[in-house]
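Heads up: numbering here begins at 1 and tracks the sequence.
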Amino acid sequence: MKALLTSFQGLSRDKADTLLLLFSALLVLAPHVAHLPLWVSALCAVTLLWRGVITLQGKRMPPSLLLLPLAAGAMLGVAHSYQTLLGRDAGVAMLVLLVAFKMLEMHARRDLFVVVFLCLFLVLTNFFYEQGIGTALLMALSVLALLTAQLSFQFTGAVPPLRQRFLMSAKLLGLAAPLALALFFLFPRIEGPLWGVPGDAIGARSGLSETMAPGTMANLAQSGETAFRVRFEGPVPRQEQLYWRGPVLGAYDGRTWTRLDARTRQRTAQEPLALTVAGKPVTYEITLEPSSTRWLFALEMPQSLPELDGKRVDVSGEFELMAASPLESRLRYRMLSFLDYRLQKEALPPDADHWLQLPADSNPRALLAGLGLRAERDPRRRVEAVLAGFRRENYVYTLNPPLLGRDAVDDFLYGSRAGFCEHYSGAFVFLMRAAGVPARVVTGYQGGELNPLDGYVTVRQSDAHAWAEVWLAGQGWVRVDPTAAVAPERVRRGLEGAIPPRPPFGIEGLGRFMAQGGGNSWLAQMRYAFGAVNNGWNQWVLNYTPQRQQNVVDSVRASLFDWRMPVLLATLITVLLLWRIFLRRREIDPVDALYSALCSRLARLGLARAADESPSAYSARIRAEARLAPPAEAAAAEFLGRYSAWRYAPRPVAAKDTHLAATLKRLLSQVR
């Protein structure tokens with residue numbers, strides 16, 4: 001290793017600068033591996049490695065006759081992979097290849113700058129796919145490396161050490177940071193994806209769908225991605241109270257639960273939503289991550305519709321909240337919900353038989369069991385009978401249940417007896433309908449993890465859940481969670497309480513898996529800190545919408561008319577000026593300070609120094625005018641002679657005289 005470092009330190013300037021540029025380009029290109037075709041990433045890696053070998057061995061560049069067919073073939077490959085040469089993805093792929101190929105075609109300083117500028121443009125394209133704080137930090141490091149490489153190429157004489165060049169680049173970036181911040185907060189922003197490029201820059205994620213079949217939500221629960229974050233104004237409700245309502249599924253074909261057909265939904269939407277609430281409301285703010293769906297989630301039961309900038313929000317007859325278009329960008333909205341509520345407690349409409357419909361010739365054993373429950377006249381006892389059966393029998397809660405056949409409910413209830421929340425909620429609703437109790441499946445999320453550092457509750461895709469609602473006379477639609485009868489820890493502590501998490505949740509999930517030793521472990525604290533920083537980035541950077549910008553501008557404009565703002569600005573400017581004067585005084589060399597003191601003293605004696613007068617000429621004029629006493633004149637002459645020798649000598653020589661300041665101070669005292 002030591003020999004390798006020595007060999008790199010002994011490289012010529014051209015080789016060292018080229019390798020620095022290669023390293024900078026690698027920092028920019030590396031994040032694109034996640035979304036580029038494998039052959040593009042492999043070709044870029046081979047090209048950069050080829051350029052590195054040429055640099056180290058001092059060989060000639062490949063001829064254009066070789067590069068042109070290679071570039072043409074790569075462009076054809078891009079057209080084949082994306083079926084176009086236009087658009088975001090194809091354009092980024094071509095730009096990545098262009099940067100890699102340009103490395104093999106650098107013959108003049110102009111080519112070096114072209115590569116630097118192409119890489120700077122490529123830095124922006126990384127934000128088309130990911131805008132997290134990690135990407136921002138990596139791109140900031142990439143810009144520093146590119147600026148360092150550009151500075152290295154511009155030195156014509158002696159080149160400062162790499163550390164000094166890096167600090168110079170950091171200083172340049174620091175000088176540009178205030179302007180960038182001002183533009184970020186004040187420059188007019190537009191709605192929509194970054195630069196209006198098709199395909200959202202943030203990248204919509206999958207979420208809950210409008211269907212539920214065995215295995216669907218179990219797959220979603222394997223994901224550790226964030227669905228949304230919640231900040232409560234006041235105490236956070238208990239874990240078992242956090243039911244985040246989403247799609248309501250009321251149609252069943254024997255295999256899959258879906259929403260009601262469009263005609264039935266239109267009829268139920270025209271019915272009045274009779275919601276009775278009690279107790280104190282819960283006020284909170286949700287930051288919803290992008291998804292390809294239209295669902296808005298709220299704690300059961302919301303009192304009013306959320307207000308979204310530029311989007312219309314609707315509520316269905318089943319109390320589902322939906323936006324008019326897919327939520328392909330991060331949204332933040334405030335909500336007010338009541339945990340104690342009654343929904344349609346008076347009566348169901350006469351034509352509400354769709355909450356009792358079951359497919360014909362499907363799941364005969366479960367249908368017969370449900371019909372047997374009708375012997376009990378009280379619907380509440382029918383509900384309790386099914387839940388008691390789940391508790392009494394050997395049912396198992398698992399994310400990996402066996403496959404089910406055509407009669408999925410029968411196979412689950414009387415065969416495997418192992419399943420996820422979708423199995424239990426679907427089977428429960430089937431039994432209730434067979435027993436004559438109106439019922440439906442409600443999907444959404446349950447629970448959430450409180451971050452003690454920032455106070456936000458994080459609801460992940462792994463918190464996806466399905467429960468049931470049954471209609472009881474005098475109570476209306478009542479939430480029943482059959483999963484809690486089998487695995488109560490799923491509701492009290494989340495998925496981790498019912499099933500120990502497995503490592504393949506990605507980096508964040510691995511951290512959650514390793515932190516199960518206790519919430520106070522150092523790894524858990526690190527995870528909380530990372531989550532708080534990432535949430536702050538999302539709230540203040542990625543979610544800085546045009547409306548929020550307008551609020552900031554209005555606040556600044558209102559503050560300017562307040563007498564306290566001018567006073568504050570004047571105080572701040574005064575402090576900065578005083579600090580600048582203090583720094584400048586500290587920067588003055590002690591020897592120069594003594595020379596200025598001598599000139600001031602001689603000026604008071606009638607011997608002012610001219611602006612273009614050197615110390616030697618000044619000394620000669622003092623002797624010629626003979627205004628000073630001989631001892632003072634000799635002291636002034638010696639002072640100016642020593643100062644001139646120090647000022648115009650090479651720096652290393654001047655630095656040797658450590659007693660010069662003391663000597664000049666003694667001579668200054670003799671000038672009377």
Side-chain angles (χ1 to χ4, degrees), residues 1 4-5 7-36 40-41 43-56 92-93 95-156 158-181 184 537 541:
M1 177 63 70
L4 182 62
L5 292 175
S7 63
F8 274 101
Q9 291 174 357
L11 290 174
S12 64
R13 176 183 169 183
D14 290 341
K15 291 183 178 180
D17 291 347
T18 304
L19 291 178
L20 177 59
L21 181 59
L22 283 173
F23 173 75
S24 305
L26 185 61
L27 287 177
V28 178
L29 297 176
H32 285 290
V33 175
H35 53 80
L36 286 176
V40 174
S41 301
L43 182 57
C44 289
V46 171
T47 304
L48 295 179
L49 181 62
W50 187 6
R51 185 63 175 89
V53 172
I54 289 176
T55 301
L56 292 175
V92 170
L95 186 58
V96 167
L97 291 170
L98 177 62
V99 170
F101 292 152
K102 189 63 179 177
M103 291 288 185
L104 296 174
E105 201 253 340
M106 295 189 300
H107 300 288
R109 178 172 296 186
R110 172 185 173 277
D111 297 324
L112 302 174
F113 293 145
V114 168
V115 171
V116 171
F117 295 147
L118 284 175
C119 287
L120 288 174
F121 185 80
L122 201 58
V123 164
L124 297 177
T125 63
N126 279 293
F127 294 105
F128 288 159
Y129 304 95
E130 178 61 42
Q131 296 182 15
I133 189 171
T135 301
L137 292 176
L138 179 59
M139 291 304 101
L141 179 61
S142 303
V143 171
L144 277 176
L146 289 169
L147 289 178
T148 304
Q150 184 178 5
L151 284 175
S152 302
F153 292 130
Q154 290 179 323
F155 281 102
T156 56
V159 181
L162 179 60
R163 179 176 177 275
Q164 186 175 347
R165 281 176 280 158
F166 186 81
L167 292 177
M168 292 172 62
S169 301
K171 185 176 181 180
L172 289 174
L173 203 59
L175 292 174
L179 178 60
L181 289 175
F184 176 81
W537 175 266
V541 177

(request) Keeping to residues at least two apart or across chains, list the side-chain hydrogen bond (donor to acceptor under 3.5 Å, both in side chains) pairs with something in residues 19-35. (result) H32-H35, H32-T125, H32-N126
(request) Looking only at non-hydrogen atoms, find the nearest pair between V123 and S142 and report the distance. (result) CG2-CB, 4.5 Å
(message) Looking at every heavy atom in both P31 and L138, which two are closest together, and how far apart are they?
(response) CG-CD2, 3.5 Å
(request) Given side chain to side chain contact (heavy atoms under 4.5 Å, CB included), test I54 with L104 step by step and report yes or no. (result) CA-CA 9 Å; I54 289 176; L104 296 174; 4.2 Å; yes
Quick check for you: to the nearest 0.5 Å, what is the distance between [X] atom [atom1] and [Y] atom [atom2]?
{"X": "L167", "Y": "L172", "atom1": "CG", "atom2": "CG", "answer": "11.0 Å"}
{"X": "C44", "Y": "L29", "atom1": "SG", "atom2": "CG", "answer": "6.0 Å"}
{"X": "L97", "Y": "K102", "atom1": "CG", "atom2": "NZ", "answer": "15.0 Å"}
{"X": "F117", "Y": "L146", "atom1": "CZ", "atom2": "CG", "answer": "10.5 Å"}
{"X": "L19", "Y": "S152", "atom1": "CG", "atom2": "OG", "answer": "11.5 Å"}
{"X": "L144", "Y": "M168", "atom1": "CG", "atom2": "CE", "answer": "13.0 Å"}

May I ask you to test the [X]-[Y] pair for a side-chain heavy-atom distance under 4.5 Å?
{"X": "L120", "Y": "V116", "result": "yes"}
{"X": "L43", "Y": "T47", "result": "yes"}
{"X": "L21", "Y": "M103", "result": "yes"}

(message) Checking T55 against R51: is there a side-chain donor and acceptor pair closer than 3.5 Å?
(response) yes
(request) Determine whether more than 12 heavy atoms belonging to other residues, nucleotides or ligands lie under 6.0 Å from atom CZ of F23. (result) no
(request) Check for a donor-acceptor pair, side chain of R165 on one end and backbone N or O of T148 on the other, with a separation under 3.5 Å. (result) no
